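All of these numbers come straight from a predicted model, not from anything done at the bench. Lettering follows sequence order; numbering is per chain, from 1.
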There are 2 protein chains.
Amino acid sequence: MSRSHLPSTIGLRVVAALAQYGTVSSAANALHLTQSAVSKQLKNVEAVVGMPLFDRTGQGLSPTQAGMIYIEQARIALGAMETAAMRVAALRSSQPAIRLHVLPILGDRWFMPRFSRFAERHPDIDVQFTTFAPTDTLEEADAVFRFGIGEWPGWRADYVLGRDVILVGSPQLIAKYEGIASIADILRYPLLEHLQTPLRWNDFAEACHLRDFTPARVTRFGYYSLVIRAAIGGQGLALVPRSLILDELAGGQLMNPSGLGFTSRNCYWLTTPDDRPPNASLAVLRDWILQEAQASEHNNPEGLS
Amino acid sequence: MSRSHLPSTIGLRVVAALAQYGTVSSAANALHLTQSAVSKQLKNVEAVVGMPLFDRTGQGLSPTQAGMIYIEQARIALGAMETAAMRVAALRSSQPAIRLHVLPILGDRWFMPRFSRFAERHPDIDVQFTTFAPTDTLEEADAVFRFGIGEWPGWRADYVLGRDVILVGSPQLIAKYEGIASIADILRYPLLEHLQTPLRWNDFAEACHLRDFTPARVTRFGYYSLVIRAAIGGQGLALVPRSLILDELAGGQLMNPSGLGFTSRNCYWLTTPDDRPPNASLAVLRDWILQEAQASEHNNPEGLS
DNA sequence: ATGTGTCTATTCCATTTTGGACTATAGTTC
DNA sequence: GAACTATAGTCCAAAATGGAATAGACACAT
């Protein structure tokens with residue numbers, strides 16, 4: 001017998017973050033915990049489940065079969081909690097909260113670090129975040145970050161950032177493959193790709209007038225954060241919006257050989273439902289986001305096509 | 001601003017139990033906690049949510065509008081955790097766990113109190129319970145308690161209990177309305193009904209050859225436990241499987257006036273998928289359940305039609 | 001080989017949280 | 001008003017959480 005205990009909420013968050021970041025340390029960083037705490041939480045959850053959820057590979061974790069099952073349900077559970085909070089926030093009468101859905105990568109690497117400044121300047125505006133909410137509840141949100149070409153019927157879409165997509169790799173990798181003299185050299189490299197944006201490499205090939213785009217090997221990841229981590233780890237070349245990896249470029253962990261890149265149609269947008277009455281607080285938030293986005297793209301004005 | 005914390009798992013369980021039992025004390029009992037602990041957990045969750053989830057009515061709790069939203073999502077979140085456990089249990093190779101889905105009322109009032117005996121006698125058989133799992137994942141279970149007439153295509157159904165449905169009310173209520181001399185007197189009483197089994201009263205009227213069944217007032221509840229609580233509280237007459245309220249009948253909190261009742265087609269069944277290879281452990285569990293059910297119905301052999 | 005960097009697991013310990021026993025208090029019913 | 005039942009609050013011991021530091025495993029470069 002075993003009336004299996006349910007995992008703790010923080011345990012679920014740890015599992016979800018581990019799936020997204022691939023290492024205990026970076027998941028800990030994202031959760032504002034220490035590596036030690038995350039390691040212990042994972043151990044707890046695995047004890048509750050009764051079997052390991054991640055394989056320890058020596059340079060990070062990768063989900064086991066059980067882990068993949070568990071991660072999926074953990075995200076559903078977390079999404080339900082977020083949905084609950086979002087729907088309840090909509091009931092609050094006095095000063096209704098703005099319900100904002102953020103994408104994992106954009107939230108972690110761009111939005112959240114900046115948002116604290118907004119919160120300081122506008123303490124009266126209450127923003128309710130969701131990141132796990134299932135797609136069919138997004139319609140309840142007041143604003144949703146999305147990735148695409150900016151066309152969602154029924155939604156106003158304002159460009160945020162991400163048009164400036166660059167080719168990056170770790171210096172070691174590029175040294176090992178002896179640089180990139182012509183664009184065709186790229187085909188010799190292993191390439192990294194995000195599962196949900198599969199057209200990136202084709203777009204790039206097209207923009208560079210590269211025919212016969214048949215790369216040596218393509219590795220796909222479920223999260224953009226894993227793509228970036230793999231690129232930093234020298235596992236291949238990746239196409240990434242410049243604005244998301246400013247730190248890595250400045251720190252030399254990633255480089256942009258020959259300044260290669262292109263202007264992508266697919267990028268990040270802030271979308272707001274058309275059919276809702278104007279909301280002053282929402283307008284303030286949107287204006288601030290767009291302004292911050294412009295500033296952060298102009299701070300690095302090495303724009304190229 | 002407020003990056004709203006997520007509630008704790010025990011908080012979700014408390015909210016779900018409160019919805020089901022309607023009082024802090026009985027929810028605490030069901031969760032094997034004290035009233036104090038449940039009260040504090042509820043306070044925590046309400047603090048996280050930012051608004052009250054239940055109205056304190058003086059004789060229990062009833063969900064606020066926000067509460068109803070939250071309860072729904074809490075059940076989804078808990079269901080996801082259970083689903084995760086269930087699916088992972090299916091992967092365990094050595095001695096696969098039996099995945100058993102129990103109905104709230106049957107589990108609380110009949111199955112769980114008895115199950116510990118089974119667990120003692122068969123420590124080698126690992127049973128994995130779900131109670132919140134969404135209906136579309138039930139197909140993964142090895143055995144599912146269901147309520148109905150015993151016909152589910154693709155499932156073998158064994159009768160467990162609940163055919164013997166009796167009319168009950170609190171002694172005070174029946175005194176107040178001056179007894180039940182003829183069956184038609186029932187129409188003078190307020191009636192209590194479970195939302196998911198709406199045909200009960202019609203079936204009863206039919207079994208008693210009662211024409212023109214137009215009761216004075218019908219109150220509906222989402223959980224059978226609330227129906228029973230309301231009946232004990234003297235809020236009306238209810239139709240309840242005798243086996244679920246043996247204690248209340250023995251203790252005099254509920255009485256069965258004039259022995260009224262009927263044999264219902266709708267009752268509790270243990271169902272197992274047809275298409276699965278025979279499983280010795282499952283057969284042991286099923287036999288034990290059916291035997292216990294027979295025993296508990298025969299212990300009170302005042303069966304009537 | 002060996003150092004270096006990067007990763008996880010573990011130990012120790014302070015802090016926080018949890019939950020039980022008990023008490024206070026408010027509402028209902030007789 | 002007494003008895004009963006309900007929730008909320010206080011006090012305290014026990015359990016958990018999480019941070020700092022440490023140890024150990026692995027890859028990679030020299």
Touch class at under 4.0 angstrom, heavy-atom based, for T23(B) against every strand present: sugar-phosphate
Pair of N/O donor and acceptor under 3.5 Å linking dA6(D) base with Q35(B) side chain: no
Whole-Å distance separating the CD atom of Q235(B) from the P atom of dT28(C): 13 Å
Distance test, side-chain N/O of R56(B) to OP1/OP2 of dA6(D), below 4.0 Å: no
Length of the CG-P vector between L31(A) and dT17(D), whole Å: 15 Å
Closest to side chain of I10(A), choosing from dT7(D), dG18(D), dG9(D): dG18(D)
Pair of N/O donor and acceptor under 3.5 Å linking dG19(D) base with K40(A) side chain: yes
Among dT8(C), dG20(C), dT17(D), the one nearest V24(A) by side-chain distance: dT8(C)
Separation between CD1 of I166(A) and CG of L239(A), rounded to the nearest 0.5 Å: 9.5 Å
d(CG, N29(A); P, dT6(C)) in whole Å: 14 Å
Rounded distance in Å - CG (L226(A)) to C1' (dC7(C)): 16 Å
5' priority, DNA chain D, between E46(B) and K176(A) [closest heavy atom]: E46(B)
First encountered from the 5' end of DNA chain C, between R229(A) and A37(A): R229(A)
Rounded distance in Å - CD (Q41(B)) to P (dT17(C)): 12 Å
R56(B) bridged to E46(B) by N-O distance under 4.0 Å: yes
Length of the line joining Q172(B):CD and dC4(D):C1', which is rounded to integer Å: 12 Å
Side-chain donor/acceptor of S170(B) to backbone N/O of G233(B), under 3.5 Å: no
Residue-phosphate contact under 4.0 Å: N44(B) side-chain N/O, dT17(C) OP1/OP2: no
Check against ring pair (Phe, Tyr, Trp, His ring centres under 6.0 Å), Y21(B) and Y223(B): CA-CA 8 Å; Y21(B) 293 97; Y223(B) 296 93; 8.2 Å; no
hbond_proxy S36(A) side chain to dA20(D) base (donor-acceptor, 3.5 Å cutoff): yes
N or O in side chain of S25(B) less than 4.0 angstrom from dT7(D) OP1/OP2: yes
d(CG, L173(A); C1', dC28(D)) in whole Å: 14 Å
Salt bridge flag under 4.0 Å for residues R109(A) and E248(A): yes
Closest to the S39(A) side chain, choosing from dG20(C), dA9(C), dG19(D): dA9(C)
Euclidean distance, atom CG of residue L61(B) to atom C1' of dT5(D) [Å, nearest integer]: 13 Å
